[in-house]
Amino acid sequence: MDPFPASFYARSALEVAPELLGHCVVHDPPDVPRRVGRIVETEAYTEDDPAFHGWNARDPETGELQRTSRTADLFGPPGRSYVYLIYGMYWLLNVVTEPDGIGGGVLIRAVEPLEGLAAMRPNRPAAKRDVDLTNGPGKLTQAFGIDDETYHNVPLTEPPLYLARDSEAPTLSIVRSPRIGITKGAERPWRFSVAGHPYVSVKP
DNA sequence: AGTATGATTTCCT
DNA sequence: GGAAATCATACTA
């Protein structure tokens with residue numbers, strides 16, 4: 001499986017998000033068995049989006065979006081990670097999209113574990129069944145051992161953590177639906193999931 | 001099966 | 001001061 005190159009991400013999150021479905025998240029650090037998950041659910045966030053981080057941080061004079069300490073990396077070069085703490089407890093994994101200087105990203109919301117399940121289970125003691133290992137954005141970062149300390153703003157185009165094109169990816173039926181857990185911009189159908197897949201976090 | 005609530009931190013108004 | 005791209009648990013039926 002080959003990592004997607006940075007150029008793959010240098011366009012709108014709305015194009016990248018559905019194209020990632022069926023392909024893989026690979027985590028292969030030293031001393032730990034390799035973990036692989038097939039992406040089954042994503043969400044797109046763009047600059048022109050009330051749900052975008054820092055949407056409210058606008059210059060009162062010009063209306064320009066401000067790069068705040070939290071959001072600056074969303075405006076950086078494409079193909080890098082944006083790891084964000086939500087509700088004080090959970091890390092969410094995004095990949096930065098759009099050309100350098102434009103803000104945008106794709107949230108990885110759910111994966112189906114393909115490899116390294118034995119290494120995921122100890123990270124997810126609350127998971128009673130394997131489906132609970134990675135069927136949510138906070139769950140999959142736990143299963144894969146991803147936090148901001150090591151994995152924020154690193155390239156997702158090379159080991160140890162990368163997104164890879166899976167030539168064996170099955171043909172998919174993709175569903176568009178409103179994004180989960182947001183209030184502003186909630187009507188935009190910018191969530192993409194594999195139809196009927198058991199690892200999708202919330203039924204569309 | 002469905003609904004309600006607490007945990008806990010960072011950032012913006 | 002309060003909201004936030006969530007999850008696990010504890011209820012009710």
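In the text below, chain A, chain B and the rest are named by the order of the sequence lines, each starting its count at 1.
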In whole angstroms, the gap separating P of B:dT8 from CG of A:Asp148 amounts to 18 Å
If you take the centroid of each ring, where Trp contributes its six-membered ring, are A:Tyr151 and A:His27 closer together than 6.0 Å?
yes
From CZ of A:Arg179 across to P of C:dA5 the rounded distance in Å is 10 Å
Between CG of A:Leu140 and C1' of C:dT6 the distance, given in whole Å, is 12 Å
Mind telling me whether A:Phe4 and A:Tyr9 have parallel, tilted or perpendicular rings, with 30° and 60° as the class edges?
perpendicular
CG of A:Leu172 to OG of A:Ser193, rounded to nearest 0.5 Å, is 10.5 Å
The reported gap from OG1 in A:Thr141 to CD1 in A:Ile86 (rounded to nearest 0.5 angstrom) is 11.5 Å
Exercise. Hey, does the side chain of A:Thr157 reach the backbone of A:Pro5 with a donor-acceptor pair shorter than 3.5 angstrom?
Worked result: no
A:Asn135 atom CG is separated from C:dC7 atom P, nearest whole Å, by 8 Å
- Evaluate the criterion salt bridge (charged side-chain N to carboxylate O under 4.0 Å, His left out) for residue pair A:Arg38 and A:Asp166; output intermediate values, then yes/no. CA-CA 9 Å; A:Arg38 189 189 307 287; A:Asp166 183 358; 3.0 Å; yes
Original post:
Any side-chain N or O of A:Arg191 less than 4.0 Å from the OP1 or OP2 oxygen of C:dA5?
Top reply: no
Separation of C:dC7 atom P from A:Leu93 atom CG, nearest Å, is 13 Å
Under 5.5 Å and under 30°: A:Tyr45 stacked on C:dA5: yes
Residues A:Phe52 and A:Gly104: closest non-hydrogen pair is CE1-N, 3.8 Å
Atom CD1 of A:Ile86 and atom P of B:dC11 are separated, to the nearest Å, by 12 Å
Suppose you measure atom P in C:dA5 against the same atom in B:dT3; what distance do you get, rounded to whole Å?
22 Å
The contact string for nucleotides 8-13 of chain C, one letter per nucleotide 5' to 3', using protein heavy atoms under 4.0 Å with B, S and - for base, sugar-phosphate only and none, comes out as SS----
With both pairing distances under 3.5 angstrom for Watson-Crick or G-U wobble, and | for a partner in another strand, the correct string for DNA chain C is ||||.|||||||.
Check this for me, if you would: do A:Asp49 and A:Lys184 make a salt bridge, where the nitrogen-to-carboxylate-oxygen distance has to be below 4.0 angstrom?
no
Practice item. Could you check A:Arg165 against A:Glu19 for salt bridge (charged side-chain N to carboxylate O under 4.0 Å, His left out), going step by step and ending with a plain yes or no? Key: CA-CA 10 Å; A:Arg165 168 172 274 118; A:Glu19 289 185 31; 5.7 Å; no
Residues in residues 194-204 of chain A with a heavy atom under 4.0 Å of DNA chain B, by number, are none
- Below 4.0 angstrom from OP1 or OP2 of C:dA4, is there any side-chain N or O of A:Thr183? yes
_Testing the 3.5 Å rule here: is there a donor-acceptor pair between the side chains of A:Ser12 and A:Glu98?_
no
>> Could you check whether A:Arg179 pairs with A:Glu43 (Lys NZ or Arg NE/NH1/NH2 to Asp/Glu carboxylate O, under 4.0 Å)?
In response: no
| request: Decide whether A:His152 and A:Tyr84 meet the rule of one side-chain donor and one side-chain acceptor closer than 3.5 Å. | output: no
What's A:Leu107 touching, base or sugar-phosphate or nothing? Going by heavy atoms closer than 4.0 Å. base
In whole angstroms, the gap separating P of C:dA5 from CE of A:Met89 amounts to 17 Å
Atom OH of A:Tyr82 and atom P of C:dA5 are separated, to the nearest Å, by 10 Å
Of the candidates B:dT10, C:dA4, C:dA5, the side chain of A:Ile182 sits closest to C:dA5
Side-chain donor or acceptor of A:His53 under 3.5 Å from a matching atom on the base of C:dA4? no
